[in-house]
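Data block below; observations after.
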Amino acid sequence: MRLVVVSNRVTIPDRYEKATAGGLAVALREALEKYGGLWFGWSGAVGEDTRQVQRGNVTYAVTDLTEAERQSYYLGFSNRALWPIMHYRLGLTEFQRSDYMGYLGVNRRFARALAGLIQPDDVIWIHDYHLIPLAAELRRRGVTNRIGYFHHIPWPSADVLGALPFSATLVRTLAAYDLIGMQTELDVRNLIGGLVDLCGARQEGRRVRLGARETLMQAFPIGIDVEAFRRLAAASVRRAVTPLRATRESLGERKLVIGVDRLDYSKGIVQRLEAFGQFLLSHPEQRGNVSLLQIAPPSRSDVPEYAELDRMSDEVAGRLNAQLGEFDWTPIRVVKKAYSRTALAGFYRRAQVGLVTPMRDGMNLVAKEYVAAQDPADPGVLVLSRFAGAAQQMGEALIVNPYDTHEVAEAIRTALAMPKSERIRRFEQLYHVIETTDIDWWRRRYLEALTGVPLSTGAVEPPRKTGTRTKGDSATRRASRAKGAAVPGRTDTKSRAVAAGHKASPHPGDAGHSTPVR
């Protein structure tokens, strides 16, 4: 079996890239290297070049887009129509028929180029909303291979998606896949509902039949490389990298609340700044004692809505700093630049509160990175939006409604005042979840479902804690024993249920309480 991965963007690695690539890129590359494979997609460049590069056991096949294709396929239909509607932002959805035609045209061109590279025993794994119709285009060209799709962002209900012109036609193309993976069970239910309501499909459990084809829909919550990120956080303390050292010096003994997001309206950055301002207004004794650091690298700056968000975040931060700040204390720092993963791991470890409050998110891996980076002996507290996919797994975070600034403000207060014993208890449970459902677990579980072939000796479900310890678990236990802390990875009935991907049980926050506790 050879694996073929298809994604919107493909970066051809050089000899340094492996150390800096994100977890998803590393996971996919490891799968390709293990089985031998091909990674196909857009080069990220505008032009007319198509090329293949061999790196070890992996062939990278990339193609440029023309400027017209970039405008219609990428900036147009993908980012102005699909992205906002998938995040339930109907008011920001802009549909142009020409953009939709361009989107279909690029998928058709990709299929034409890819069909000539596919071998009879290949298994094809397609990623994300840019490429929804790609399998249908491949089927039209006679490709009969197993084809899977993983959707990284939320999938809305049928009534929301149905507002998009041609939505039924687009959703119908998903029937060309053998397996569709989503982040959460809610996304699975919404997708099945869309196929049934918009396309007249027949449902049999998690299988949907449309015409002659049957497609399996299943939730595969994506994870991170927990052990690698834990090591980065520990190393950042030893190395004292420049941005972290400067932050420590400027903060002194003050506490730190951190947010890390791409500058995107789905992340709730403006609402988060307002919530932190509300926290300081409601608890004036905290002024001068705690600061918010919001790291927000710009993205899609040529899309007008993103330029407006950039302006609004600056305006809100400036207003709150002018209203609440002192000559020796700035309440909010918004930094619009990207940092290395090592620096981010260090920021997470320094922060007493991780504020992850998107208005809607497929998963949100920042939540998992924040937990992985914590000192087991003195961990911080995660405040997490109920509308992030991660909330379905990470019920020991303080779960909040990001639309309620008072609720988020009170969760910040609760997190900062939480006793160490309670912080450690929550951390242990959260660490166990992210460790047993890490990026390798996600990759193996998906490919086993797609191929029907076991890819490991272990079960598909998350590993249970027994007498056998993983390397990462042992390292964390050693660190904990050295500091006299409790040990991540403690297993009980509740943590096993959460780790297995079950939805967290209802919590008091659903009834309007500001500091939900499970």
Side-chain angles (χ1 to χ4, degrees), residues 8-9 22 24 74-95 127-130 132 150-157 159-161 163-164 167 182-184 186-187 190-191 221-222 258-276 294-317 334 336 338 354-370 382-394 397 399-405 407-408:
N8 172 58
R9 289 286 296 273
L24 176 61
Y74 181 67
L75 294 178
F77 191 72
S78 291
N79 287 325
R80 290 182 184 168
L82 283 181
W83 178 269
I85 207 161
M86 293 285 180
H87 288 85
Y88 293 74
R89 300 299 295 270
L90 283 168
L92 295 178
T93 301
E94 296 180 17
F95 176 83
H127 288 264
D128 228 3
Y129 62 104
H130 312 84
I132 289 172
F150 189 80
H151 191 74
H152 290 262
I153 65 176
W155 191 278
S157 58
D159 57 339
V160 173
L161 187 61
L164 182 70
S167 56
M182 313 297 280
Q183 297 281 21
T184 69
L186 174 61
D187 295 324
N190 284 343
L191 175 56
I222 196 169
I258 193 167
V260 177
D261 310 85
R262 219 168 23 86
L263 191 61
D264 187 285
Y265 50 76
S266 69
K267 302 301 183 182
I269 294 172
V270 170
Q271 293 84 351
R272 185 179 309 154
L273 300 179
E274 294 282 14
F276 188 76
Q294 175 63 55
I295 298 173
S299 67
R300 304 170 187 163
S301 55
D302 41 5
V303 176
E305 292 81 3
Y306 289 80
E308 174 65 10
L309 176 62
D310 193 358
R311 183 194 64 77
M312 286 181 62
S313 61
D314 286 344
E315 181 181 288
V316 171
V334 178
K336 294 177 180 176
L355 202 50
V356 183
T357 54
M359 314 311 282
R360 183 74 63 168
D361 228 334
M363 178 53 59
N364 196 298
L365 297 182
V366 168
K368 298 186 176 185
E369 290 176 345
Y370 177 78
L382 175 64
V383 176
L384 179 61
S385 165
R386 61 187 293 186
F387 300 117
Q392 303 303 308
Q393 293 180 291
M394 306 179 75
I399 307 297
V400 297
N401 179 354
Y403 292 90
D404 187 340
T405 56
E407 182 175 322
V408 177

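It should be emphasised that the depicted structure is a prediction, and the values quoted were computed from it without experimental measurement.
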4.5 Å side-chain heavy-atom contact, N8 and Y74: yes
Residues which pass salt bridge (charged side-chain N to carboxylate O under 4.0 Å, His left out) with D361, listed by chain and number, not counting sequence neighbours: K267
Closest contact, heavy atoms only, V160 versus L90: O-CD2, 3.9 Å
Between CG on residue N79 and OH on residue Y306, distance to nearest 0.5 Å: 6.0 Å
Spacing of OH belonging to Y88 relative to OG belonging to S157, to within rounding of 0.5 Å: 5.0 Å
Pairing residues for F77 by the ring-ring contact (aromatic ring centres under 6.0 Å, His included) criterion, not counting sequence neighbours: Y100, Y103
Straight-line distance of L355 CG to F276 CZ, nearest 0.5 Å: 9.0 Å
Partners passing ring-ring contact (aromatic ring centres under 6.0 Å, His included) against H151 (at least two apart in sequence or in another chain): Y149, W155
Aromatic ring pairing Y403/F387, orientation class (parallel under 30°, perpendicular over 60°, tilted between): perpendicular
Contact check, side chains of M363 and K368, non-hydrogen atoms, under 4.5 Å: yes
Test item: I153 and D187 side chains (from C-beta on) under 4.5 Å apart, heavy atoms: no
Note, L263 side chain near I269 side chain (heavy atom, < 4.5 Å): yes
Test item: D314 and K336 side chains (from C-beta on) under 4.5 Å apart, heavy atoms: yes
Any side-chain heavy-atom pair of M359 and H87 under 4.5 Å: no
Nearest-0.5 Å distance that lies between atom CG in L384 and atom CD in Q392: 9.5 Å
Partners passing salt bridge (charged side-chain N to carboxylate O under 4.0 Å, His left out) against R9 (at least two apart in sequence or in another chain): none
Closest approach of A388 to P358 (non-hydrogen atoms, all atoms of both residues): CB-CG, 3.8 Å
Heavy-atom side-chain proximity of W83 to D264 below 4.5 angstrom: yes
4.5 Å side-chain heavy-atom contact, Q271 and V408: no
G362 versus T184, closest heavy-atom pair with distance: O-CG2, 4.2 Å
Which atom of M394 lies closest to which atom of I399, heavy atoms considered: O-CD1, 3.7 Å
Closest non-hydrogen atom pair, G259 against R272: CA-NH1, 3.9 Å
Expected output: side-chain S313 to main-chain D310 donor-acceptor under 3.5 Å: yes
Gap separating the CG atom of N401 from the OG1 atom of T357, nearest 0.5 angstrom: 10.5 Å
Spatial distance of atom OH (Y129) from atom CE (M86) [nearest 0.5 Å]: 9.5 Å
Stepwise side chain to side chain contact (heavy atoms under 4.5 Å, CB included) test for V366 and D261: CA-CA 8 Å; V366 168; D261 310 85; 5.6 Å; no
Side-chain (Q294) to main-chain (V334) donor-acceptor, under 3.5 angstrom: no
Which residues share a salt bridge (charged side-chain N to carboxylate O under 4.0 Å, His left out) with E315, sequence neighbours left out: R311
Residue pair R360 / P154: nearest heavy atoms and the distance that separates them: CG-CG, 3.6 Å
All salt bridge (charged side-chain N to carboxylate O under 4.0 Å, His left out) counterparts of D159, not counting sequence neighbours: none
